[in-house]
Amino acid sequence: MKALIRNIGHLYKTRWSFKLAAVYLLLLLMLILALPVLPLPYLPNELDLQHTFQKPFINSQHLLGTDQLGRDVLANLLHGARNGLSVAIPVMLLSAFLGTTIGVVAGYYGNYKLRISYLKAFIVSCTIVSGLYYLGYVPVQASIQALPIHITYTTIATGLGIWFALWLVLYPVLKRFLPSSYTIAIPVDSFMLRLTELLASLPRMMLLIGIAAFASPSVLLLSVVFICTYWTGTARLARAEMLRIVQLPYIEAALSTGMRHRHVIIREALPNMVTPVVVSFVFGVASLLAIESTLSFLGIGFPADFASWGRLIGSIRQNLSAWWLLAFPGAFLALTVLALQTISYHLIRLYQAR
Amino acid sequence: MRASLLVKKFLSALVLVWLMLSAVFMLSRMLPGTFGEEKMLQSQEGFYSQSNHTSRAAAYNELLKRTRQDLPVFYFSLAPINLQHNTGYSYLVPDPEWHGLHNQYHFWLNDLLQGNLGTSFVNAKPVTIVIREAGTTTLVISFVSLALTIAIALGAGIWMVQDTGKKLRKPLLATLVVLDSMPLFVFSLLLLLLLANPDAWQVFPVFGLGISLPGSEHIWLSQAPYLILPVFCLTLNNVPYLTNQFYNYLSGTLQAGYIRTARAKGLPSGQVVTKHALKNALLPVITVLSDMLPALVAGTVVIETIFAIPGLGRLLVSSVLARDFPVIIGVMVLVAIVKMFSNILADIAYATTDPRIGRRAA
């Protein structure tokens with residue numbers, strides 16, 4: 001982590017393109033954070049039907065012009081930046097976390113190293129199945145059918161009770177009678193690879209469009225789908241890094257001092273792969289911004305009142321001479337993606353050169 | 001590559017495609033809101049129908065029956081939580097129900113295996129015909145664009161590693177990075193505004209594919225001008241990535257020892273690259289090419305929507321907006337199968353160009 005910060009500082013001082021990108025992104029971030037206190041005359045969804053397709057720099061009320069419904073371009077631009085980043089950053093944080101965890105475990109343990117006793121495997125599968133029913137199926141059904149709330153509470157309480165009984169009563173009791181030397185190897189690695197292949201069997205865009213078609217437009221649902229499809233990139237990277245790190249001598253040294261696997265992963269291996277994970281995070285944010293605006297340009301998946309650059313650009317299709325509807329948001333989008341890509345490019349170059 | 005390995009790969013790919021498509025199908029049926037539910041079950045008189053509520057409900061049930069949506073979704077299910085029938089806390093015990101073969105999934109899979117994708121909800125045409133009508137245009141666009149992309153990327157890559165291209169290498173790579181950062185829809189709208197706009201230069205026709213009478217002979221000739229701009233956009237969208245990859249492989253190969261040998265024996269640098277380095281640098285490109293299919297699919301969706309070309313991408317978008325599930329799933333089936341075959345083809349091509357791989361894997 002320290003090395004990463006030092007690297008960033010070094011790049012900031014020596015590479016002008018890195019500096020430019022970083023300054024641009026910081027300015028954008030500050031603008032977004034200051035959005036609630038900025039004196040904008042309009043909200044992004046406020047209609048002004050007297051002034052449709054206003055040209056920019058003419059009307060002092062609509063500084064950057066308006067679209068076909070008189071919505072202010074400037075307000076949409078800033079709110080679009082906020083909405084885009086507030087989808088992309090949390091989604092990418094979660095999927096980077098998920099991907100790193102899965103990739104690290106898969107790369108470290110491989111197919112044979114992770115062994116647990118039959119008893120524990122049994123208890124874990126019971127936990128998963130009961131969790132799916134009591135904490136998943138019944139609460140979801142109850143909320144869809146609008147059943148009385150006490151049903152949700154009782155099932156969740158029952159589910160937690162069953163977990164409690166499984167782990168604190170059944171597991172210690174059975175452990176006395178069954179020898180824990182019978183162990184089963186869990187093929188985490190091939191499990192992860194199959195899962196990635198499965199998710200890659202349909203193009204991501206296809207999957208997003210399909211799921212957007214089946215459900216009503218919702219930012220939350222789309223974010224979940226983003227997370228489910230974006231973790232694979234980070235996971236593949238983390239797995240490859242882990243495969244490289246595991247065979248280094250210092251891991252063997254750490255193991256020979258009697259460190260547990262978990263500690264070796266967290267304290268020894270993870271700090272050495274911070275840079276690639278950060279790079280994949282930055283890269284993912286850029287790609288998410290592009291995909292988010294493409295989807296809202298197509299009018300798929302996001303609610304109609306979700307202000308975004310893509311929606312703003314999409315309104316140009318009503319009037320092809322309204323160049324300002326493309327120029328401002330398009331330039332912002334391309335610049336932001338370019339800045340993010342520049343940063344990840346420099347980071348990866350430095351990492352590879354080492 | 002050995003045939004047994006090929007069969008094994010094919011089978012595992014088939015299983016993956018089956019799992020994915022089943023998941024998509026289940027998702028499409030389990031999320032609430034069926035086609036026509038909103039319009040047909042509204043309690044007030046609507047714009048489209050003045051009949052009373054009961055007859056509309058009857059029509060809705062008829063629709064469900066015809067599209068088999070009244071059947072259970074899967075072979076088994078958990079009984080719904082019903083407060084009227086069971087009292088107390090019976091919902092705490094799961095109650096699985098067995099439906100037998102008479103379910104939506106079974107019928108769908110049966111039809112799919114027989115090559116029947118159902119009929120469109122929108123116009124009651126068979127989905128296979130709808131897809132075939134739209135597919136030819138998309139096929140032409142993506143193939144032409146892919147061929148152009150490969151040609152440009154190879155040319156630019158070979159040119160950049162040679163001494164003649166040394167001066168322009170840096171600005172070219174920087175241009176590619178900038179080009180790569182611009183999303184396709186922004187880029188194509190920009191070109192549309194500049195090159196097909198009465199306010200700027202009107203070089204190309206703007207939308208659609210022009211008027212084509214059925215049976216006319218020179219249909220491709222009349223459509224060609226309409227396709228130039230879309231193909232150009234799609235090509236330029238994919239060029240940066242491929243060029244970059246190819247350039248990296250090529251300059252990596254040029255570090256190898258046998259290249260130094262070739263240079264030492266006095267070959268001109270152009271011949272060193274084309275005769276010696278190119279073959280080995282092309283190997284990884286095969287995998288990259290088969291990985292480019294998703295970008296191509298996403299690209300055609302955007303391109304066809306912007307330029308109003310009646311192809312698969314636009315079909316997909318319009319079916320999504322109309323919630324025409326059979327067509328959506330049909331397009332997905334097609335893309336998944338194409339992707340599966342392109343992966344297998346890449347494996348075969350890789351193994352034939354590099355005999356070491358087949359031997360190692362076998």
Side-chain angles (χ1 to χ4, degrees), chain A residues 17 133-134 137-138 141-142 144-145 147-148 151 154-155 158 194 197-207 209-216 286 289-291 293-294 297-301 310 313-314 316-317 320-321 323 326-327 329-331 333-342 345, chain B residues 12-13 16-17 19-21 23-24 27-33 78 80-81 83 89 91-92 94 177-178 180-187 189-190 192-193 196-199 206 291 293-298 301-302 305-306 316-317 319-321 323-325 328-329 331-332 335-336 339-340:
Chain A
S17 55
Y133 183 72
Y134 290 104
Y137 178 74
V138 176
Q141 284 294 315
I144 287 177
Q145 299 179 31
L147 295 175
I151 288 186
T154 26
T155 41
T158 317
R194 287 293 101 73
E197 276 175 33
L198 179 67
L199 283 172
S201 65
L202 263 185
R204 188 184 283 151
M205 190 75 173
M206 208 75 190
L207 209 60
I209 290 182
I211 287 171
F214 304 143
S216 50
L289 274 181
I291 247 188
S293 50
T294 306
F297 168 77
L298 293 172
I300 288 174
I313 297 174
I316 200 176
R317 283 193 286 173
L320 271 183
S321 52
W323 55 269
L326 172 67
L333 181 57
L335 271 180
T336 314
V337 172
L338 182 63
L340 289 166
Q341 281 182 348
T342 310
Y345 167 78
Chain B
S12 82
L16 285 178
V17 167
L19 275 176
M20 192 72 201
L21 290 176
V24 167
L27 212 61
S28 79
R29 294 301 149 109
M30 294 212 295
L31 287 172
L78 295 175
I81 303 160
L83 286 184
Y89 295 99
Y91 55 85
L92 288 181
V177 170
V178 173
D180 199 27
S181 70
M182 208 185 289
L184 176 62
F185 75 104
V186 175
F187 183 71
L189 274 176
L190 195 68
L192 190 70
L193 278 198
N197 191 346
D199 294 349
V206 191
D291 283 348
L293 192 80
L296 216 57
V297 168
V301 169
V302 170
T305 311
I306 289 179
L316 186 66
V317 171
S319 328
V320 165
L321 297 178
R323 301 195 145 219
D324 191 353
F325 296 147
I328 299 170
I329 294 181
V331 176
M332 283 185 158
V335 173
K339 174 135 189 148
M340 184 179 87

With a 4.5 angstrom heavy-atom cut-off, is it the side chain or the backbone of [X] that approaches chain B, or both, or neither?
X         : value
Tyr134(A) : side chain
Gln341(A) : side chain
Thr155(A) : both
Ser293(A) : both
Leu326(A) : side chain

Checklist entry - Relative to chain B, which of Leu199(A), Leu298(A), Ile300(A) shows the most heavy atom pairs under 4.5 Å? => result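 Heavy-atom pairs under 4.5 Å are most numerous for Ile300(A).
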Next on the checklist: Would you say that Phe185(B) contacts Ile313(A) through its side chain, given a criterion of any heavy-atom pair below 4.5 Å between the two side chains?
Outcome noted: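 Result yes, sub-4.5 Å side-chain heavy-atom pair found.
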Item to check | Contact check, side chains of Ile329(B) and Leu21(B), non-hydrogen atoms, under 4.5 Å | outcome: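 They are not in contact (no side-chain heavy atoms under 4.5 Å apart), so the answer is no.
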Considering all heavy atoms, the nearest [X]-[Y] contact:
X         : Y         : answer
Met206(A) : Met332(B) : O-CE, 3.1 Å
Leu333(A) : Leu289(A) : CD1-O, 4.2 Å
Leu321(B) : Gly299(A) : CD2-O, 3.8 Å
Ala286(A) : Val337(A) : O-CG2, 4.0 Å
Ala200(A) : Lys339(B) : O-CE, 3.1 Å
Phe297(A) : Arg317(A) : O-NH2, 3.4 Å

So what's closer than 4.5 Å to chain A heavy atoms on [X]: side chain, backbone, both or neither?
X         : answer
Val297(B) : side chain
Leu189(B) : both
Leu293(B) : neither
Pro183(B) : side chain

Item to check | Which of Leu296(B), Leu316(B), Val17(B) touches chain A most, by non-hydrogen pairs under 4.5 Å | outcome: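 Winner by heavy-atom pair count: Leu316(B).
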